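Structure first, then comments.
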2 protein chains.
Amino acid sequence: METHDLRNAGLKVTLPRVKILQILENESTDRHLTAEKIYKILLAEDGDIGLATVYRVLTQFESAGLVTRHHFEGGNSVFELAKGSHHDHIVCIKCGKVDEFSDELIEARQKEIAKKLNYQLTDHSLYLYGFCPQCQKKTDPFPTL
Amino acid sequence: METHDLRNAGLKVTLPRVKILQILENESTDRHLTAEKIYKILLAEDGDIGLATVYRVLTQFESAGLVTRHHFEGGNSVFELAKGSHHDHIVCIKCGKVDEFSDELIEARQKEIAKKLNYQLTDHSLYLYGFCPQCQKKTDPFPTL
DNA sequence: ATTCCTGCAAAAAATTTGCACGCTT
DNA sequence: AAGCGTGCAAATTTTTTGCAGGAAT
């Protein structure tokens with residue numbers, strides 16, 4: 001129930017917020033979406049929700065820790081529902097597919113590096129870019145987007 | 001001599017291009033600069049070089065492999081002279097300082113992960129964020145920018 | 001001479017903000 | 001009722017593009 005998450009975050013339960021949360025939770029679509037994409041999904045569904053509101057809500061969600069913002073190559077931000085555990089991303093440069101992974105060894109190493117350089121680590125981001133399995137097949141040059 | 005690099009890249013040797021290259025090469029300043037910062041340095045030096053030109057030149061340099069573009073957190077792109085070897089970055093979230101490092105173990109692990117997920121890796125980016133040594137000292141809350 | 005470059009102004013693209021009205025609590 | 005939230009339009013910010021004049025080869 002999204003209602004609870006919102007109340008928990010000190011946010012009023014409003015239609016735009018509930019809907020956006022539902023879109024991000026939707027397992028059947030990509031869970032890494034730009035504000036623009038979310039806006040278009042909302043438009044298609046029916047609503048009268050403005051793009052500005054989408055940005056505002058996403059920013060609030062980010063502050064509340066409900067959502068994580070990523071800066072993939074290419075410029076615009078993508079938003080993802082914050083799952084409990086940290087993970088990194090591998091992104092297909094052709095079709096935009098996003099897979100997730102996490103690796104204890106890399107995590108540990110990052111901490112060592114920060115310590116060696118005397119940085120007090122607060123955050124990090126690791127993105128791998130390449131062709132996903134589908135986009136490598138010569139026989140199917142136009143995989144499903 | 002920058003002239004050679006430019007000719008090599010198939011670019012005419014012009015004042016804006018030489019100057020921008022010199023700024024990026026300058027050891028005494030940060031070598032990770034936004035287009036805007038480069039533009040301001042150029043303004044200060046004297047020139048009549050437009051911001052649009054800075055962007056154009058940097059984009060050309062990137063295509064030519066002379067320069068690498070990074071997307072640090074916070075939005076705008078930073079540009080760095082492409083050194084021979086790959087390296088990653090650790091960025092101070094307070095003063096903006098950028099340090100570089102490279103770690104074979106992490107590199108190797110990334111390749112393994114890509115292979116396991118059947119991605120054909122083309123690129124990757126790893127950014128660590130935190131407080132640099134200077135910005136942790138309680139006694140000096142305003143370190144040199 | 002020819003082609004490539006540049007500055008400027010205007011255009012785009014992404015994101016944020018001001019304001020009056022409306023919904024949540 | 002009170003305050004927070006929303007839509008819309010306008011403002012910002014970052015980056016790109018069109019064009020006419022100027023340089024590099």
Side-chain angles (χ1 to χ4, degrees), chain A residues 1-23 32-43 45-64 66-79 96, chain B residues 1-23 32-43 45-64 66-79 96:
Chain A
M1 194 120 283
E2 299 83 11
T3 303
H4 199 250
D5 295 323
L6 290 173
R7 287 243 166 72
N8 231 30
L11 299 169
K12 282 187 180 168
V13 178
T14 66
L15 195 67
R17 308 221 254 230
V18 172
K19 286 201 151 194
I20 291 173
L21 218 38
Q22 287 175 340
I23 289 173
H32 301 79
L33 301 168
T34 60
E36 194 75 32
K37 270 187 199 142
I38 293 174
Y39 174 61
K40 280 180 184 151
I41 293 174
L42 286 168
L43 278 189
E45 285 190 356
D46 74 335
D48 256 324
I49 294 173
L51 179 54
T53 299
V54 175
Y55 275 105
R56 260 185 303 227
V57 168
L58 287 172
T59 304
Q60 293 161 344
F61 283 3
E62 190 190 12
S63 306
L66 289 172
V67 147
T68 307
R69 181 191 302 239
H70 299 287
H71 300 280
F72 293 160
E73 247 175 34
N76 29 10
S77 306
V78 301
F79 298 84
Chain B
M1 195 122 280
E2 300 83 10
T3 303
H4 199 249
D5 295 324
L6 289 173
R7 287 239 165 73
N8 230 32
L11 298 170
K12 283 187 180 168
V13 178
T14 64
L15 195 67
R17 305 220 254 232
V18 172
K19 285 201 151 193
I20 290 173
L21 219 38
Q22 287 175 339
I23 288 173
H32 302 78
L33 300 168
T34 60
E36 194 75 33
K37 271 187 199 143
I38 293 175
Y39 174 61
K40 280 183 183 148
I41 293 175
L42 286 169
L43 277 189
E45 285 190 356
D46 73 336
D48 255 323
I49 294 173
L51 178 56
T53 299
V54 175
Y55 274 106
R56 259 184 305 229
V57 168
L58 287 171
T59 303
Q60 293 161 344
F61 284 2
E62 190 189 12
S63 307
L66 289 172
V67 148
T68 307
R69 182 193 300 241
H70 297 288
H71 300 280
F72 292 160
E73 245 175 36
N76 30 8
S77 305
V78 301
F79 297 85

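This structure is a prediction, so every number in the text was calculated from the model and none was measured. Just so it is clear: chains get the letters A, B, ... in the order the sequence lines come, proteins before strands, and each one is counted from 1.
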Fill in the blank from the handout: Partner of B:K19 under side chain to side chain contact (heavy atoms under 4.5 Å, CB included), picked from B:D46, B:T14, B:I41, B:V57, is B:D46
Handout entry: Main-chain N/O of A:V13 paired to A:R7 side chain as donor or acceptor, under 3.5 Å
Key = no
Handout entry: A:N76 CG to C:dT16 P, straight-line distance once rounded to whole Å
Key = 12 Å
Exercise for the section: Please examine the side chains of A:I20 and A:Y39, heavy atoms only from C-beta on, and report whether any two atoms are closer than 4.5 Å. Expected result: no
Exercise for the section: Find the distance B:I38:CD1 to D:dT14:P and express it as a whole number of Å. Expected result: 14 Å
Exercise for the section: Can you tell me the distance, in whole Å, between the NE2 atom of A:H71 and the P atom of C:dA13? Expected result: 20 Å
Exercise for the section: Find out whether B:H71 and A:F72 are in side-chain contact, i.e. whether some heavy atom of one side chain is under 4.5 Å from a heavy atom of the other. Expected result: no
Practice task
Scan B:T14 against the nucleic acid and name what it touches under 4.0 Å (heavy atoms): base, sugar-phosphate only, or nothing.
Solution key: sugar-phosphate
Fill in the blank from the handout: The correct set of residues in residues 2-13 of chain A placing a heavy atom under 4.0 Å from DNA chain C is A:R7, A:K12, A:V13
Handout entry: Euclidean distance, atom CG of residue B:L51 to atom C1' of C:dC8 [Å, nearest integer]
Key = 12 Å
Problem - Between D:dC8 (P) and A:L42 (CG): distance, integer Å - result: 13 Å
Practice task
List in chain and number order the residues that pass side-chain hydrogen bond (donor to acceptor under 3.5 Å, both in side chains) with B:E62, two or more places apart in sequence or in another chain; answer none if no residue qualifies.
Solution key: B:R69
Exercise for the section: Please check the phosphate of C:dT15 (OP1 and OP2 only) for any side-chain N or O of A:S77 closer than 4.0 Å. Expected result: yes
Practice task
Would you indicate what A:L15 reaches in the nucleic acid, counting non-hydrogen atoms under 4.0 angstrom: base, sugar-phosphate, or nothing?
Solution key: nothing
Fill in the blank from the handout: Rounded to whole Å, the NZ-C1' distance (B:K19 to C:dT6) equals 14 Å
Practice task
Report yes if a side-chain nitrogen or oxygen of A:Y55 is closer than 4.0 Å to either non-bridging phosphate oxygen (OP1 or OP2) of C:dT16; otherwise report no.
Solution key: no
Exercise for the section: Take the protein atom OH of B:Y39 and the nucleotide atom P of C:dC8, then report the distance between them rounded to whole Å. Expected result: 7 Å
Practice task
Report the residue (A:T53 or B:Q60) whose heavy-atom-nearest nucleotide on DNA chain C is the more 5′ of the two.
Solution key: B:Q60
Completion exercise
A:L58 CG to C:dT15 C1', in whole Å, measures 11 Å
Completion exercise
Nearest-nucleotide check on DNA chain D, A:A52 vs B:R69; residue mapping nearer the 5' end is A:A52
Practice task
Look at A:T59 and C:dT15 and indicate whether a side-chain polar atom (N or O) is within less than 4.0 Å of OP1 or OP2.
Solution key: no
Handout entry: Phosphate contact (D:dT6 OP1 or OP2) by A:R56 side-chain N/O below 4.0 Å
Key = no
Exercise for the section: Could you tell me the separation between the CG atom of A:L11 and the CD atom of A:Q60, rounded to the nearest 0.5 Å? Expected result: 5.5 Å
Exercise for the section: Using a 4.0 Å heavy-atom cut-off across all strands, classify A:A35 as base, sugar-phosphate, or nothing. Expected result: nothing
Practice task
Let me know which of A:T53, A:V54, A:D48 forms a side chain to side chain contact (heavy atoms under 4.5 Å, CB included) with A:L42.
Solution key: A:V54
